[in-house]
Chemist: 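So that we are looking at the same thing, I have put the structure below in structure tokens.
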Amino acid sequence: MFQILHGCGVAVNQEIPWLRPWLLRYPLTDGGLNCDFGAKVGSLVPTTTALEAILHCPPRPFTEPELNFMARAANYL
């Protein structure tokens, strides 16, 4: 959703400010994300798309939670 809205010109970080923190809240213990409720391990597609969404940041330094999320997701991938 983040990439689609961003591609359509929506300022996602301003219009949907809860989206980025929501993504940062749900990595699994392996660092990946999974769309299946109750999954214990990450999946390639949701992890990659969430990582891409976090990388679409405004021109500012990444926050510590963002850096942690990206490091864990990259390690998972």
Side-chain angles (χ1 to χ4, degrees):
M1 179 169 80
F2 195 107
Q3 289 92 320
I4 292 169
L5 292 170
H6 178 76
C8 291
V10 175
V12 181
N13 293 314
Q14 288 75 36
E15 298 293 325
I16 312 172
W18 57 266
L19 184 54
R20 182 181 306 279
W22 185 84
L23 289 171
L24 298 175
R25 193 177 318 146
Y26 291 103
L28 299 170
T29 56
D30 63 3
L33 294 164
N34 198 314
C35 296
D36 293 330
F37 181 74
K40 304 291 186 216
V41 296
S43 178
L44 181 66
V45 173
T47 303
T48 302
T49 55
L51 185 54
E52 289 173 342
I54 296 303
L55 288 170
H56 280 287
C57 274
R60 61 159 173 74
F62 289 112
T63 65
E64 193 65 32
E66 291 168 343
L67 290 171
N68 290 335
F69 174 85
M70 290 187 296
R72 293 185 67 216
N75 188 53
Y76 166 79
L77 294 175

Chemist: According to salt bridge (charged side-chain N to carboxylate O under 4.0 Å, His left out), does anything in residues 25-40 pair up with another residue at least two apart or in another chain? List the pairs.
Modeler: none
Chemist: State, to 0.1 Å, how close L23 and F69 come at their nearest heavy-atom pair, and which atoms those are.
Modeler: O-CE1, 3.7 Å
Chemist: Which heavy atom in A50 sits nearest to a heavy atom in L33, and how many Å separate them?
Modeler: CB-CD1, 3.1 Å
Chemist: With Y26, which residues qualify under ring-ring contact (aromatic ring centres under 6.0 Å, His included), at least two apart?
Modeler: W22
Chemist: Return the minimal non-hydrogen interatomic distance between N34 and S43, and the atom names on each side.
Modeler: ND2-CB, 3.7 Å
Chemist: Check side-chain contact (heavy atoms from CB on, under 4.5 Å) between E52 and all other residues, then give those that pass, not counting sequence neighbours.
Modeler: Q3, T48, T49
Chemist: Under the salt bridge (charged side-chain N to carboxylate O under 4.0 Å, His left out) rule, what pairs show up with a residue in residues 64-74, not counting sequence neighbours?
Modeler: R20-E66, R60-E66
Chemist: So, using side-chain contact (heavy atoms from CB on, under 4.5 Å) as the criterion, who are the partners of P21 when residues are at least two apart?
Modeler: none
Chemist: With rounding to the nearest 0.5 angstrom, report the CG to OG1 distance, L24 to T63.
Modeler: 6.5 Å
Chemist: Could you give me the CA-CA distance, side-chain angles and deciding distance for H56 and V12, then say whether side-chain contact (heavy atoms from CB on, under 4.5 Å) is met?
Modeler: CA-CA 9 Å; H56 280 287; V12 181; over 6 Å; no
Chemist: Are L55 and M1 joined in one hydrophobic group, where the rule is that I, L, V, M, F, W and Y side chains link up if heavy atoms are under 4.5 Å apart?
Modeler: yes
Chemist: A74 and L51: which non-hydrogen atoms are nearest, and at how many Å?
Modeler: N-CD2, 4.5 Å
Chemist: Taking ILVMFWY side chains as joined if any heavy atoms are under 4.5 angstrom apart, and letting links pass through other members, which residues group with I4?
Modeler: none
Chemist: Ignoring hydrogens, what is the shortest heavy-atom contact between I54 and F62? Give both atom names and the distance.
Modeler: O-CE2, 3.7 Å
Chemist: Where do Y76 and L44 come nearest, in terms of heavy atoms and distance?
Modeler: OH-N, 3.8 Å
Chemist: Measure the CG-CD1 distance between L5 and I16 for me, rounded to the nearest 0.5 Å.
Modeler: 5.0 Å
